[in-house]
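All remarks here apply to the structure that follows.
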Amino acid sequence: MRRRQRLLLGCSEKEGFRGQSRAGTRKEDEGHCAPPPNQAFFPPRYVELVNAACNFEPHDSFFSLFSDPRSTRLTRIHLREDLVQDQDLEAIRKQDLVELYLTNCEKLSAKSLQTLRSFSHTLVSLSLFGCANIFYEEENPGGCEDECLVNPTCQVLVKDFTFEGFSRLRFLNLGRMIDGVPVESLLRPLNSLATLDLSGIQTSDAAFLTQWKDSLVSLVLYNMDLSDDHIRVIVQLHKLRHLDISRDRLSSYYKFKLTRKVLSLFVQKLGNLMSLDISGHMILENCSISKMDEEAGQTSIEPSKSSIMPFRALKRPLQFLGLFETSLCRLTHIPAYKVSGDKNEEQVLNAIEAYTEHRPEITSRAINLLFDIARIERCSQLLRALKLVITALKCHKYDKNIQVTGSAALFYLTNSEYRSEQSVKLRRQVIQVVLNGMESYQEVTVQRNCCLTLCNFSIPEELEFQYRRVNELLLSILNPTRQDESIQRIAVHLCNALVCQVDNDHKEAVGKMGFVVTMLKLIQKKLLDKICDQVMEFSWSALWNITDETPDNCEMFLNFNGMKLFLDCLKEFPEKQELHRNMLGLLGNVAEVKELRPQLMTSQFISVFSNLLESKADGIEVSYNACGVLSHIMFDGPEAWGICEPQREEVEERMWAAIQSWDINSRRNINYRSFEPILRLLPQGISPVSQHWATWALYNLVSVYPDKYCPLLIKEGGMPLLRDMIKMATARQETKEMARDARRFEKHWLRLTRNLPQAL
């Protein structure tokens, strides 16, 4: 037997297309000769085209790769949404297809009906579910140009197509086909149908179904307006194992009501029935027994104990019973192994599982129930719930209700309470489907839910595999000048977290995406509105993080009027301590770049920095950061001091006074990944006050946070630099004494950590 090879369309963001055997092994080199340039060749096995749920968009000529069965032999095609068009099916018309599933492919027209005839001799399974336009063709093709300007559709319904010649067809899904298609004449040529789905199709006379009474095992009449005549036809289909007459109770008013008599007929006449779906129906009370008559004890699926009276005549429990949005799902004894309903988590998950593919309107309501369970109670089947919601979101990326309810459910299903139960692979799947939603659906609620869900992940670690993509999406959310306030706040927080603990290459890449400019625009907008809120503070914090040891981003900040915004914010919000700390931290990063320091050397800027030395905002942080900025400027020497006022000596004195006023035991609101910018201020004699600031910073950090910063000081060679500085004649005595204290503390910490195992 030949092994089938599957070609996954867009199976991941970066893999593109791949050949994979059914066993899962890669088939990259089996001795085949290389194909000619620009010509694809696949080993002549059976191939399946599967449209995985992602953002794959084929090139115009993609399907032509499969036009010749001698190089690629297709047997199965599954495609969704707008991926496929008439010319694509035409390109593969020579293939001997066995299975063709086209779901919601609304770009297909009646031209594709003719192409279907090419597969008539081999096709066993066909689904045209939701292909609403496939029975329409252009009126006077090519000749109604003027009329089309007035009537853009220029389409007429095709009524003469039938399935004549489809002798092997056994499985057919015509769900949600357009009204007006003559179903009976369309299907009459099919002799041996086993499965038929006519969801959403209205027909007053269902007698034609009896032509398959000896072959039909599955019949779906979802949302068909039933009558007693329909029931009389259905019970003649004695081979049925699956019957679905469910409906969407919100879609329209149905006169038909299920009675005890109808259910009894199903049980009596359809002896092979294993699965029955009556979801959404109005059930008359005489179908169930009273609470007083229900047998006490543990819940049972035995038909003899059934709380649904007609089902007591079943020979065995049903495999599946659909009772979603009916009163029956709340009864105690239900004779089925699997029940869809709204009574509990199990029933809700069964509903999502059963209805996701073709019934988003039902699925969204079931997911909403799951959302309440995860939010209010505790989800006991977490992994199953997550996988089902992920599948629904992938399957219906353009359905507003699914995206809103699904993204909301994901927020609660991924929070810290459930985190230990989730694998890395599963959490990555959640991230990918969240990003898909952000890309595909710009609705405010979806965007907010997706951003909130991302906050449940460790950032940046868990998002690093999609780092560029998530940054691009967040920046696109923040780009509009008028945006939902809550989304702005969450998106800026995420942006800040994403650039907080990553390497410089990542920061530079994000800077080139427009990160710096976007943050500055947000700040400018807030300034115009005279509002200093979390968005304003987070934006400055994000700029602080993204400019850390990244000169290109620092330069971008200066080039896009960052200093003007700094001065304006300082003036407009003089009491906002957190804002001042973030702004001065950012300017500290700018001051570390030697080539950019001349742009800070203006009387206005130096005066502002000098005045901030005396600030008590946020403990010592604003004063400390202002002193850091000036320390780097002083490090360039007197010749670089290109201003008359304030004088260099005056600023130095204020710096000494500020440093001496700080408590060496101050706890800090700062995080250093490297001491390199500080350490470079030690081995120099041109600016003793800069040297003293650097020494104070090191001693404070290693003494207050020894476990974090003592190893960093050793790793980056700080101990020898402190030792050498102590020997320098230009260093101030108080600076040398502080350096000795820092070295003594470091050595003491080393002794403690080395002796720790023995002590334990």
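Quick caveat: nothing in here was measured; it's all calculated off a predicted structure.
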Does a salt bridge link Arg427 with Glu421, judged by any charged N lying under 4.0 Å from a carboxylate O?
no
For Val492 and Ser539, the nearest pair of non-hydrogen atoms, with its separation, is CG1-N, 3.6 Å
From CA spacing to verdict: side-chain hydrogen bond (donor to acceptor under 3.5 Å, both in side chains), Gln660, Glu734
CA-CA 10 Å; Gln660 288 164 357; Glu734 57 211 279; 3.1 Å; yes
Salt bridge Arg469-Glu439, side-chain N to carboxylate O under 4.0 Å
yes
Would you say that Asn589 contacts Glu592 through its side chain, given a criterion of any heavy-atom pair below 4.5 Å between the two side chains?
yes
Which atom of Cys455 lies closest to which atom of Ile490, heavy atoms considered:
SG-CG2, 3.7 Å
Determine whether Asn625 and His580 make a side-chain contact, defined as any pair of heavy atoms from C-beta on separated by less than 4.5 Å.
no
Out of curiosity, Leu410 CG to Phe371 CZ, how far, rounded to the nearest 0.5 Å?
11.5 Å
Decide whether Ser674 and Glu716 meet the rule of one side-chain donor and one side-chain acceptor closer than 3.5 Å.
yes
Is there a side chain to side chain contact (heavy atoms under 4.5 Å, CB included) between Asn456 and Ser416 once you walk through the steps?
CA-CA 7 Å; Asn456 286 336; Ser416 56; over 6 Å; no
Looking at CG of Leu713 and OH of Tyr699, how far apart are the two atoms once the value is rounded to the nearest 0.5 Å?
13.0 Å
Worked verdict on Lys576 versus Glu537 for salt bridge (charged side-chain N to carboxylate O under 4.0 Å, His left out)
CA-CA 9 Å; Lys576 293 292 184 178; Glu537 292 180 353; 5.3 Å; no
Might you work through the side chain to side chain contact (heavy atoms under 4.5 Å, CB included) test for Ile523 and Leu543, ending with a clear yes or no?
CA-CA 11 Å; Ile523 293 166; Leu543 288 172; 3.7 Å; yes
Please lay out, stage by stage, how Leu565 and Phe560 fare under the test side chain to side chain contact (heavy atoms under 4.5 Å, CB included).
CA-CA 9 Å; Leu565 287 175; Phe560 286 91; over 6 Å; no
Taking the side chain from Asn545 and the backbone from Ser541, do they hold a donor-acceptor pair closer than 3.5 Å?
yes
Within the side chain of Asn504, is there an N or O that forms a donor-acceptor pair under 3.5 Å with the backbone of Glu549?
yes
Do you know which two heavy atoms are closest between Met725 and Ala739, and how far apart they sit?
CE-CB, 3.4 Å
On a heavy-atom basis, the closest approach of Ile686 and Gly637 is CD1-CA, 3.5 Å
Just verifying a value: how many Å separate Tyr624 OH and Ser631 OG, rounded to the nearest 0.5 Å?
9.0 Å
A cation-pi test, strictly: NZ or CZ of Arg581 under 6.0 Å from the centre of the six-membered ring of Trp544 and no more than 45 degrees from its axis. Yes or no?
no
How about Glu575: does its CD atom have over 12 heavy atoms from other parts shown lying under 6.0 Å from it?
no
Is Arg489 paired with Glu485 through a side-chain N to carboxylate O contact shorter than 4.0 Å?
no
Assess the residue pair Tyr412 and Tyr418 against the criterion (ring-ring contact (aromatic ring centres under 6.0 Å, His included)); give the C-alpha distance rounded to whole Å, side-chain angles, the decisive distance to 0.1 Å, and a yes or no.
CA-CA 9 Å; Tyr412 284 100; Tyr418 299 116; 9.2 Å; no
Taking the side chain from Arg375 and the backbone from Ala408, do they hold a donor-acceptor pair closer than 3.5 Å?
no
From Leu382 CG over to Lys387 NZ, what is the distance, rounded to the nearest 0.5 angstrom?
10.0 Å
Rounded to the nearest 0.5 angstrom, the OH-OG distance for Tyr709 and Ser703 is 12.0 Å
Within the distance-only criterion (no hydrogens, no angle test), does the side chain of Asn553 pair as donor or acceptor with the backbone N or O of Lys507 below 3.5 angstrom?
yes
Does Leu587 reach the side chain of Met563, with side-chain heavy atoms less than 4.5 Å apart?
yes
How about Cys451 and Ile477: do any of their side-chain heavy atoms sit closer than 4.5 Å?
yes
When you compare the side chains of His493 and Asn496, does any donor N or O come within less than 3.5 Å of an acceptor on the partner?
no
Value for OG (Ser623) from CG (Asn611), rounded to nearest 0.5 Å, stands at 11.5 Å
So, the side chain of Gln647 versus the backbone of Glu649: is there a donor-acceptor pair under 3.5 Å, distance only?
no
May I ask you to decide if Trp641's main-chain N or O and Arg648's side chain share a donor-acceptor pair within less than 3.5 Å?
no
Would you mind checking if Lys616 and Glu621 are paired as a salt bridge, meaning a charged N to carboxylate O distance below 4.0 Å?
no
Would you call Leu681 and Phe635 a side-chain contact if the rule is heavy atoms closer than 4.5 Å?
yes
Within the side chain of Tyr467, is there an N or O that forms a donor-acceptor pair under 3.5 Å with the backbone of Leu498?
yes
Salt bridge (charged side-chain N to carboxylate O under 4.0 Å, His left out) assessment of Arg744 paired with Glu737
CA-CA 11 Å; Arg744 277 194 293 269; Glu737 191 56 43; 3.5 Å; yes
Expected output: side-chain Lys736 to main-chain Met728 donor-acceptor under 3.5 Å
yes
Any sub-3.5 Å donor-acceptor pair from Arg743's side-chain atoms to Leu722's backbone N or O?
no
Exactly one of Gln691, Arg740, His692 clears side-chain hydrogen bond (donor to acceptor under 3.5 Å, both in side chains) with Thr735, and that residue is His692
Closer than 3.5 angstrom, by distance alone: can the side chain of Gln684 be matched with the main-chain N or O of Ser687 as a donor-acceptor pair?
yes
Quick one, Val499 and His506 - any side-chain contact, counting heavy atoms below 4.5 Å?
no
Looking just at side-chain N and O atoms, do Arg448 and Thr453 make a donor-acceptor pair shorter than 3.5 Å?
no
More than 12 heavy atoms of other residues, nucleotides or ligands under 6.0 Å from NZ of Lys526: is that the case?
yes
If you define the side chain from C-beta out and look only at heavy atoms, does anything of Lys571 sit under 4.5 Å from Pro574?
no
Stepwise side chain to side chain contact (heavy atoms under 4.5 Å, CB included) test for Asn665 and Asn700
CA-CA 6 Å; Asn665 297 313; Asn700 166 256; over 6 Å; no
So, for Arg654 and Ser610, which heavy atoms are closest and what is the spacing to 0.1 Å?
NH2-O, 3.3 Å
Which heavy-atom pair separates Leu520 from Gly562 by the least distance, and what is that distance?
CD2-CA, 4.2 Å
Flag the pair Ile531 / Phe573 as yes when at least one side-chain heavy-atom distance between them is below 4.5 Å, and no otherwise.
no
Validate the cation-pi geometry between Arg428 and Phe465: distance from NZ or CZ to the six-membered ring centre under 6.0 Å, angle to the ring axis within 45°.
yes
Please indicate whether Lys512 has more than 12 foreign heavy atoms, meaning atoms of other residues, nucleotides or ligands, lying under 6.0 Å from its NZ.
no
Hey, what's the ring geometry for Trp693 with His632, parallel, tilted or perpendicular (30° and 60° as the breaks)?
perpendicular
